[in-house]
2 protein chains.
Amino acid sequence: MNVYLHKNAMHTKTEKQRQIIEAAIELIAEKSIQQLTIKNLAKKLGVTDGALYRHFNSKIDILLGILHMFQAEARENLEQVKKSRLPALQQFEDIFLYRLKYFTQRPAVAAVIFSESIFQNDVRLTRAVNEFLTMHEDTLRIIIERGIRKGEIRKGILIDETIYITIGSMRYLVTRWRLKGRDFDLYEKGVQLLGNLKELLKC
Amino acid sequence: MNVYLHKNAMHTKTEKQRQIIEAAIELIAEKSIQQLTIKNLAKKLGVTDGALYRHFNSKIDILLGILHMFQAEARENLEQVKKSRLPALQQFEDIFLYRLKYFTQRPAVAAVIFSESIFQNDVRLTRAVNEFLTMHEDTLRIIIERGIRKGEIRKGILIDETIYITIGSMRYLVTRWRLKGRDFDLYEKGVQLLGNLKELLKC
DNA sequence: CTTATGTAAGTAAACATTCACATACGGAAT
DNA sequence: ATTCCGTATGTGAATGTTTACTTACATAAG
């Protein structure tokens with residue numbers, strides 16, 4: 001294995017790196033992001049601590065690996081929806097539901113994306129979270145503007161505020177779901193929320 | 001000082017306890033919640049680590065002290081607004097702006113309230129954050145229901161979803177403000193957001 | 001004289017990271 | 001095929017740092 005290329009540059013990922021990232025995601029989902037330690041991760045993989053450092057330079061690089069994976073998948077969805085020539089409200093729904101499903105099926109994603117408070121001390125992690133959010137904001141803005149131009153979305157709305165409302169309400173819903181020990185059906189509640197949001201946008 | 005009463009029961013707080021809490025809030029605001037360590041806090045107060053343990057049993061008790069302080073102030077505001085016989089939309093605005101000002105003027109409040117990911121491993125902290133949120137949700141629900149009955153708020157709205165939208169969008173606005181290094185006027189943006197939210201509620 | 005408060009030094013645990021050494025493995029040379 | 005060698009991968013123990021927290025002792029105050 002070319003150490004330089006994979007451990008440092010990391011445009012692509014080796015099979016082992018993918019396995020480690022996958023185990024890390026599981027660990028976060030089962031325990032919590034606080035329990036994602038090198039020791040726990042190595043134990044889960046049945047290896048010793050040192051072995052992980054053959055594949056990643058640092059723990060932060062593992063976290064970045066997770067974030068980049070999510071980001072790549074999210075970007076694909078956003079681009080695909082943007083390209084589709086569906087009505088703006090349908091595109092809005094597609095993005096909303098895709099993300100909602102993702103949070104429901106992979107609770108670790110939410111755990112990571114919502115951990116700004118833990119990442120605060122690292123520039124790269126902060127930047128990655130920031131990019132993830134900005135990416136969603138930008139796509140929503142394009143879709144909403146297009147919808148307004150095509151007369152599918154109400155002209156009077158304030159775009160920035162609508163974006164904050166959309167992303168913020170989903171985030172809060174997921175936060176509540178997690179804080180309350182997942183005692184309600186996230187997807188169902190999310191669909192109701194979506195209905196409400198679409199009402200705001202409709203002409 | 002009666003150690004048992006103040007260190008353990010803590011219905012009231014001594015002057016020293018208040019000073020420590022105040023210093024902790026400042027520390028969080030200046031640095032971050034990650035930098036709130038016993039050592040840093042003691043240094044800020046010009047004492048040694050051990051001295052803090054004369055006033056609090058653990059670091060978690062200090063954090064709980066902060067949360068309880070915020071909670072008490074928030075509760076006072078919520079109760080006062082609820083008692084006032086102002087129109088529902090005005091009450092909604094009062095609560096929204098009170099909280100927005102609080103976040104603007106005391107950024108540490110947001111840092112603490114938004115740190116669920118860090119608190120996950122402690123039951124008491126999780127519960128305190130939960131209570132804080134529930135308190136706001138409950139008050140908003142009462143105000144909105146009352147507004148609907150009095151014909152001041154649109155009948156068709158879904159109450160739960162509206163609450164998620166309100167709290168979620170403010171949280172996200174503050175999160176963005178913090179992540180972007182406070183590069184926009186939080187209060188101004190918040191007022192715009194409020195305008196948008198009031199539109200949803202209006203008949 | 002008793003109690004509250006502070007200090008200095010230390011403890012123990014958790015954590016990320018490193019390093020000297022061992023093994024496994026694939027291809028090249030014999 | 002067998003030997004040989006370089007590289008990739010893993011191990012076990014150790015390192016150094018950062019934590020919260022403790023304890024024996026001192027001082028101040030009422």
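Treat the numbers as computed from the prediction; the structure is a model and nothing was measured. Below, read A as the first sequence line, B as the second, and so on, with proteins coming before strands; counting in each chain starts at 1.
- A salt bridge between B/Glu152 and B/Arg146 is absent, with no side-chain N of the basic residue lying under 4.0 Å from a carboxylate O of the acidic one.
- B/Glu161 pairs by the side chain to side chain donor-acceptor pair (under 3.5 Å) definition with nothing, not counting sequence neighbours.
- Remark: A/Lys39 engages A/Asp49 in a salt bridge (Lys or Arg N to Asp or Glu O under 4.0 Å) (not counting sequence neighbours).
- The side chain to side chain donor-acceptor pair (under 3.5 Å) search around B/Ser58 returns B/Asp61, not counting sequence neighbours.
- Of the residues in residues 114-122 of chain A, not one comes within less than 4.0 Å of DNA chain D through any heavy atom.
- Not a single salt bridge (Lys or Arg N to Asp or Glu O under 4.0 Å) links A/Glu76 to another residue, sequence neighbours left out.
- In this structure, the ring-ring contact (aromatic ring centres under 6.0 Å, His included) partners of B/Tyr98, at least two apart in sequence or on a different chain, are B/Tyr102.
- Not counting sequence neighbours, the partners of B/Gln71 by the side chain to side chain donor-acceptor pair (under 3.5 Å) test are B/Glu131.
- Screening residues 181-196 of chain A for side chain to side chain donor-acceptor pair (under 3.5 Å), with sequence neighbours left out, gives A/Lys189-B/Asp160.
- Atoms CG (A/Leu45) and C1' (D/dT9) sit 14 Å apart, rounded to a whole Å.
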For nucleotides 6-25 of chain C, 5' to 3', base contacts (B), sugar-phosphate-only contacts (S) and non-contacts (-) with protein non-hydrogen atoms under 4.0 Å give BBS------SSBB-B-----

